[in-house]
**Student:** 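Please find one structure pasted underneath; my questions will follow.
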Amino acid sequence: MKGRSGKDKPTDASPLFSSHALSATSNSISARAQEIQPFIVMEVMERAMEIEKRGRSVIHLEVGEPDFDTPEVIREAGIRAIRDGRTHYTHSLGLLELREAIVEWYRKVYQVDVSPENIIVSVGCSGAMLLTFAALLDPGNRVLITDPGYPCYPKFIRAFEGVPACIQVKEEEAFQYPVERVESELDSSTRALVLNSPSNPTGTLTTPERIAELVQVSAGRATIVSDEIYHGLVYEERAHSILEFTQEAVVINGFSKLFAMTGWRLGYAILPEYLVRPAQKLQQNLLISAPDFAQYAAIAALNEAADEVEAMRREYDRRRKFVLRRLSEIGLELGAEPTGAFYVFFNVSRFTSRVYDFAFQILEEAGVAVTPGVDFGDNGEGYLRICYANSMEKLEDGMKRLEQFFECAQPVRHSVKN
Ligand SMILES: Cc1ncc(COP(=O)(O)O)c(C=O)c1O
């Protein structure tokens, strides 16, 4: 089986992973499960862990997870909720008190009015996305996504027999959706367009002007699904919610990144009226409800954690500036400054035409785990992603190791990107 870039990346169905057991029982494994590509970042992390087991140190710059523990005030609220017996199913839309806190958040941060009746709280952004695509897609429906983009989008879309339609976004265009291309891709089978600003993996923001253009071209033709999970983690300009431009879009948001709550598994969708009841019925059947006590912790996150969140944001910014300075000193210049999330996506195509192998080479030789750009789509070939959600000490060590690695790296003759 070929990887997404057409290269021989290992997949669960490839010889590297498939055991005799898989081939013997493959008749009873769905095509969907056999075809799904692994999440490469997890493969890098698992290889890094093997290396660590052999006694070598590895600096982890691969996984996109806050290194901070959940702020104390949020944890205390969660603990209190458990003590108070908040350990049951909740309303399938989520606790009203939490939905009201989300309404207040969107009013305060974006000056937009939403109703608690339009919000469904789910199991992370991932749960909210699952419900959204399940509610939106019939088999064969196309969803426009960026390449590079978050690797799980195409997996969610395919899970409902939708068709991900990848639109290349380019570094020299600051990774903005090209509007003309979007327009030409919108056909009668297109149901949605996914917007993710700030973006994983590029850390760049879509400009408000571009969002307005996307809203205009997609009006009446495709629903914009705006994944706002990195909102708040911005270091220059502010991030704009899609709801500042249209009420017809879907917002996906959650608590994992801004509030360092990945393990609480809590997120939500803000839906136009016609999608609420379908999403609610899907949640009732597929997930029942989001975790009870985690919802109480989330209320504290929205209402009581402003200082802790700001301290984390400032620290990410300090690290971002450090990584950008060190990359420049190493001679790895960026065409588009990442001003959001906690990622830097940089071009190494002058050193390799197979970035997947190159990332594993860096891991083995330099002891630094980074994510190859092809995890995010074919157009990520030639790029590496660093996640700077790690301590300054580790980042300093990691960048020193990368500097030594690149001092010895030989340029290849034919680069993939110019
Ligand atoms: C763009 C994007 N959306 C969604 C998610 C998943 O978020 P959650 O932990 O809330 O399910 C991630 C996680 O890395 C992400 O990067």
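The figures that follow rest on heavy atoms only: side chains count, while hydrogens, waters and symmetry mates do not. Whatever order the structure lists them in is the order used to number ligands and atoms, beginning at 1. All residue numbers refer to positions in the sequence shown, counting from 1.
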**Student:** Salt bridge or not for R47 and E43, using N-O below 4.0 Å?
**Tutor:** no
**Student:** Given side chain to side chain donor-acceptor pair (under 3.5 Å), test S226 with E228 step by step and report yes or no.
**Tutor:** CA-CA 6 Å; S226 176; E228 306 189 350; 2.8 Å; yes
**Student:** Between N196 and ligand 1, which part of the residue brings a heavy atom under 4.0 Å of the ligand: side chain, backbone, both or neither?
**Tutor:** side chain
**Student:** Report yes if some N/O of D227 lies less than 3.5 Å from some N/O of ligand 1; otherwise report no.
**Tutor:** yes
**Student:** Which atoms of ligand 1 have any heavy atom of I229 under 4.0 Å away?
**Tutor:** 1 (C), 2 (C), 3 (N), 5 (C), 7 (O), 10 (O)
**Student:** Do R320 and D317 sit within salt-bridge range, that is, some charged N less than 4.0 Å from a carboxylate O?
**Tutor:** yes
**Student:** Return the closest protein heavy atom for atom 5 (C) of ligand 1 as residue, atom name and distance.
**Tutor:** Y150 OH, 3.4 Å
**Student:** Please determine whether the number of non-hydrogen atoms from other residues, nucleotides or ligands lying under 6.0 Å from atom CD of E337 exceeds 12.
**Tutor:** yes
**Student:** Tell me: protein heavy atom nearest atom 11 (O) of ligand 1, and distance?
**Tutor:** S126 OG, 2.5 Å
**Student:** Does any N/O atom on C125 come nearer than 3.5 Å to any N/O atom on ligand 1?
**Tutor:** yes
**Student:** Should the proximity of Y230 to ligand 1, defined as any heavy atom under 4.0 Å, be assigned to the side chain, the backbone, both, or neither?
**Tutor:** side chain
**Student:** Identify, by atom number and element, the atoms of ligand 1 in contact range of R265, meaning under 4.0 Å from any of its heavy atoms.
**Tutor:** 8 (P), 9 (O), 11 (O)
**Student:** Does atom CD of E393 have more than 12 heavy-atom neighbours from other groups under 6.0 Å away?
**Tutor:** no
**Student:** May I ask you to check if ligand 1 and K257 share an N or O to N or O distance below 3.5 Å?
**Tutor:** yes
**Student:** Answer side chain, backbone, both or neither: which part of F342 comes under 4.0 Å from ligand 1, heavy atoms only.
**Tutor:** neither
**Student:** With backbone taken as N, CA, C and O and side chain as the heavy atoms from C-beta onward, which portion of E65 lies under 4.0 Å from ligand 1: side chain, backbone, both, or neither?
**Tutor:** neither
**Student:** Show your reasoning for whether ring pair (Phe, Tyr, Trp, His ring centres under 6.0 Å) applies to F156 and F160.
**Tutor:** CA-CA 7 Å; F156 278 113; F160 298 104; 7.9 Å; no
**Student:** Looking at K53 and E50, is any side-chain nitrogen of the basic one under 4.0 Å from a carboxylate oxygen of the acidic one?
**Tutor:** no
**Student:** May I ask you to check if ligand 1 and S256 share an N or O to N or O distance below 3.5 Å?
**Tutor:** yes
**Student:** Hey, which atoms in ligand 1 end up nearer than 4.0 Å to a heavy atom of G124?
**Tutor:** 10 (O), 11 (O)
**Student:** Can you sort out which atoms of ligand 1 are near Y153, meaning under 4.0 Å from one of its heavy atoms?
**Tutor:** 1 (C)
**Student:** Salt bridge or not for E244 and R238, using N-O below 4.0 Å?
**Tutor:** yes
**Student:** Check whether more than 12 heavy atoms from other residues, nucleotides or ligands sit under 6.0 Å from atom CD of E180, and answer yes or no.
**Tutor:** no
**Student:** With a 4.0 Å cut-off, would you call E104 and K108 a salt bridge?
**Tutor:** no
**Student:** Is the closest heavy-atom distance from F156 to ligand 1 below 4.0 Å?
**Tutor:** no
